[in-house]
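Reading through the structure tokens given below for one structure.
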Amino acid sequence: MHKIFWIMILDKIEQLLQEVKSLDAKNAAEIEELRLKYLSKKGEINALMVDFRDVPAEDKKAVGMKINELKQTAFDHINALKEKVEQQEAGASEQAIDLTRTPYPIQLGTRHPLTIVTNEIIDIFSRMGFVLADGPEVEDDLHVFTKMNFAADHPARDMQDTFFVSQHPDDVTKNILLRSHTSSVQARVMEHMHTENGELTAPIRVICPGRVYRNEAITARAHCFFHQVEGLYIDKDVSFTDLKQVLLSFAREMFGADTKIRLRPSYFPFTEPSAEMDISCFICGGKGCGFCKHTGWVEILGCGMVDPNVLELCGIDSKIYSGYAFGMGVERITNLKYQVSDLRMFSENDTRFLREFEAAD
């Protein structure tokens, strides 16, 4: 009886072996059906294990080897079918490509809104005679603070405001830091534009755009890095009236011909007198709205006459020359033009946000 049972099992294994070797499939779905039929837990090969329990102990090794051979053959053959179908599908896909066609169009990007606004600011001041000036972002204390008339104990030197690369407690002018404003570029321009007796080799009229860094918490209204554009004009007989006229022309070019400005007294270490400039709200026309907090005015920049101490520290004779300077945040101007409520969006590289400025590019 046991011998007959064993023979029946061997016949079943041989029958399944022949079936497996003759399997064929045309697609992935058919291959999956074959896998489920023969190799799954409820498949025909696994069902042999039920009968395997009744095989006599002395015959289990021989029958077990036959079942393993069957399982391995089924596994190899089904995998071979899978590879064959994948190759056929890949070949069909390649043949579907028309090699005579022109390349598929590649989606082009657009300029970043900060770049758009920076270029617009530069263009406006360039037409007024200002030229571009640039300087390093990793700077020394001498050009960022000392030559800009910052006292040795000024709060801006504190680590809470400035990213220091290295510090020298005995001589702060040797400190290395990430510049906290682009005024350092003005200092470098001034120290290279005069003779030994303090006379200018040529009038200075520069615009200084660039990235700056401050140790601040990142929020919707503040960031640890942002962009500034600063301007500087030094010559004989430069007055506050000249400054006001330049800023009025800029505001009308940037925000519209009907824009009005007002200057409010303020304080900056490198200018005296100093002022902050507001423009009439271009949304409500100065009547008052939520955007301008119902004041009719929006602040956009700081400015003033260059402090004589700054001229002297940079080697320029303040008794002969005078000048004005101004500085604005590019993010602030961009927010005003496009009403972007969250500063973090400028640095997140979200293409959905950037595509909104395609028309402005």
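What you see below is based on every heavy atom in this structure, not just the backbone, and it leaves out hydrogens, waters and symmetry mates.
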*Got Asp317 and Asn197 here, is their nearest side-chain heavy-atom distance under 4.5 Å?*
no
*Could you state whether Val117 and Leu354 fall into the same hydrophobic cluster, counting links through intermediate Ile, Leu, Val, Met, Phe, Trp or Tyr residues with side-chain heavy atoms under 4.5 angstrom apart?*
yes
*Does any N or O in the side chain of Arg252 come within less than 3.5 Å of the main-chain N or O of Thr259, such that one atom is a donor and the other an acceptor?*
yes
_Salt bridge Glu299-Arg264, side-chain N to carboxylate O under 4.0 Å_ = yes
*asked:* Looking at Thr182, is its backbone amide N or carbonyl O close enough to the side chain of Gln228 to form a donor-acceptor pair, meaning the two atoms are under 3.5 Å apart?
replied: yes
*asked:* Do the side chains of Glu331 and Arg344 get close enough for a salt bridge, i.e. N-O under 4.0 angstrom?
replied: no
*Please state whether the rings of Tyr324 and Phe130 are parallel, tilted or perpendicular, taking 30° and 60° as the class boundaries.*
tilted
*Considering only heavy atoms from C-beta outward, does the side chain of Arg205 approach that of Asp235 to under 4.5 Å?*
no
*Counting only heavy atoms not in Asp237, do more than 12 fall under 6.0 Å of its CG?*
no
_Heavy-atom pair of closest approach, residues Ala325 and Gln186_ = CB-OE1, 4.0 Å
*Donor-acceptor pair, Ser280 side chain versus Lys260 backbone, under 3.5 Å?*
yes
*asked:* Donor-acceptor pair, distance only, cut-off 3.5 Å: does the side chain of His143 make one with the backbone of Ala187?
replied: no
*asked:* Does Phe75 have more than 12 heavy atoms from other residues, nucleotides or ligands lying within 6.0 Å of its CZ?
replied: no
*Val138 and Leu178: side-chain contact (heavy atoms from CB on, under 4.5 Å), yes or no, with the steps?*
CA-CA 5 Å; Val138 180; Leu178 300 182; 3.8 Å; yes
*Compare all side-chain heavy atoms of Arg355 with those of Thr110 and state whether any distance is below 4.5 angstrom.*
no
*Run the salt-bridge test on Asp278 and Arg262 with the 4.0 Å N-O cut-off and return the result as yes or no.*
yes
*Decide yes or no on side-chain hydrogen bond (donor to acceptor under 3.5 Å, both in side chains) for Asp76 and Gln72, but give the supporting numbers first.*
CA-CA 6 Å; Asp76 292 343; Gln72 188 62 46; 2.9 Å; yes
*Point-to-point distance, once rounded to the nearest 0.5 Å, from CZ of Phe125 to CE of Met128*: 5.5 Å
_Charged N-O contact under 4.0 Å between Glu191 and Lys147_ = yes
_Flag if over 12 foreign heavy atoms under 6.0 Å of NZ, Lys337_ = yes
*Between Glu253 and Arg127, is any pair of side-chain heavy atoms under 4.5 Å apart?*
yes
_Measuring from atom OG1 of Thr334 to atom CD of Glu120, what distance do you get when rounded to the nearest 0.5 angstrom?_
9.5 Å
*Could you tell me whether the side chain of Asp141 and the main chain of Val144 form a donor-acceptor pair under 3.5 Å?*
no
*Under a 4.5 Å cut-off applied to non-hydrogen side-chain atoms, are Phe353 and Pro113 in contact?*
yes
*In Å, rounded to the nearest 0.5 Å, how long is the span from CG of Leu232 to OG of Ser183?*
9.0 Å
*Are Leu132 and Phe250 linked, directly or through other ILVMFWY residues, by side chains that come within less than 4.5 angstrom of each other?*
yes
*Are Tyr233 and Phe326 an aromatic pair by the rule of ring centers under 6.0 Å?*
no
*Sole residue of Ile207, Ile333, Leu301 in side chain to side chain contact (heavy atoms under 4.5 Å, CB included) with Val229*: Ile207
*After noting the C-alpha distance and the side-chain angles of Lys21 and His77, does the key distance pass the side-chain contact (heavy atoms from CB on, under 4.5 Å) rule?*
CA-CA 7 Å; Lys21 289 181 178 179; His77 190 71; 5.7 Å; no
*Give the C-alpha distance, both sets of side-chain angles, the deciding distance and a yes or no for side-chain contact (heavy atoms from CB on, under 4.5 Å) between Leu200 and Tyr321.*
CA-CA 8 Å; Leu200 290 178; Tyr321 300 98; 3.7 Å; yes
*asked:* Is the shortest side-chain heavy-atom distance between Met254 and Ile124 below 4.5 Å?
replied: yes
*Give the minimum heavy-atom separation between Val189 and Ala133, together with the two atoms involved.*
CG2-CB, 3.9 Å
*How close do Asn149 and Pro269 get, heavy atom to heavy atom, and via which atoms?*
ND2-O, 2.9 Å
_Is there a path of hydrophobic side-chain contacts, each under 4.5 Å between heavy atoms of I/L/V/M/F/W/Y residues, joining Phe357 to Ile122?_
yes
*Evaluate the ring planes of Phe225 and His227, with Trp represented by its six-membered ring, and classify them as parallel (under 30°), tilted (30 to 60°) or perpendicular (over 60°).*
perpendicular
*Please examine the side chains of Ile31 and Glu33, heavy atoms only from C-beta on, and report whether any two atoms are closer than 4.5 Å.*
no
*CD of Glu216 to CG of Asp161: how many Å apart, nearest 0.5 Å?*
7.0 Å
*Would Glu139 and Arg188 satisfy side-chain contact (heavy atoms from CB on, under 4.5 Å), going step by step from the backbone distance to the final call?*
CA-CA 11 Å; Glu139 261 286 11; Arg188 289 187 175 275; 2.6 Å; yes
_Heavy-atom donor-acceptor pair, Thr295 side chain to Trp297 backbone, under 3.5 Å_ = yes
*Look only at the side chain of Glu272 and the backbone of Val306, and say whether a donor-acceptor pair between them is shorter than 3.5 Å.*
no
*State whether the number of non-hydrogen atoms from other residues, nucleotides or ligands found under 6.0 Å of Asp258 atom CG is greater than 12.*
no
_Would you say Phe346 ends up clustered with Ile218 if hydrophobic residues are merged whenever their side chains have heavy atoms under 4.5 Å apart, either directly or through other cluster members?_
no
*Starting from the C-alpha separation in whole Å, work towards a yes-or-no answer on side-chain hydrogen bond (donor to acceptor under 3.5 Å, both in side chains) for Asp242 and Ser239.*
CA-CA 5 Å; Asp242 299 322; Ser239 68; 3.3 Å; yes
*Spell out, as yes or no, whether a donor-acceptor pair under 3.5 Å connects the side chain of Thr115 to the backbone of Arg111.*
no
*Counting N and O atoms only, with roles assigned by atom type, does the side chain of His223 sit under 3.5 Å from a partner on the main chain of Leu343, one being a donor and the other an acceptor?*
no
*What about Leu142 and Val310, same hydrophobic cluster or not, with Ile/Leu/Val/Met/Phe/Trp/Tyr joined at side-chain heavy-atom distances under 4.5 Å?*
no
_Remaining members of hydrophobic cluster (4.5 Å side-chain criterion), Tyr267_ = none
*Over all heavy atoms of both residues, which pair between Leu313 and Thr146 is shortest? Give the atoms and the distance, please.*
CD1-O, 3.3 Å
*Are there more than 12 heavy atoms of other residues, nucleotides or ligands under 6.0 Å from atom CD of Glu83?*
no
*Do Tyr338 and Ile116 touch side chain to side chain, with heavy atoms closer than 4.5 Å?*
yes
_Closest heavy-atom pair and its distance - Cys303, Thr271_ = O-OG1, 4.0 Å
_Return the CG to CD1 distance between Leu311 and Ile320, rounded to the nearest 0.5 Å._
11.0 Å
*Nearest heavy-atom pair of Gly210 and Arg179: which atoms, and what distance?*
CA-NH2, 3.5 Å
*Could you tell me the separation between the CG atom of Leu81 and the CD atom of Glu86, rounded to the nearest 0.5 Å?*
11.5 Å
*Check for a donor-acceptor pair, side chain of His168 on one end and backbone N or O of Asp170 on the other, with a separation under 3.5 Å.*
no
*When the aromatic ring centroids of His181 and Phe226 are compared, is their separation below 6.0 Å?*
no
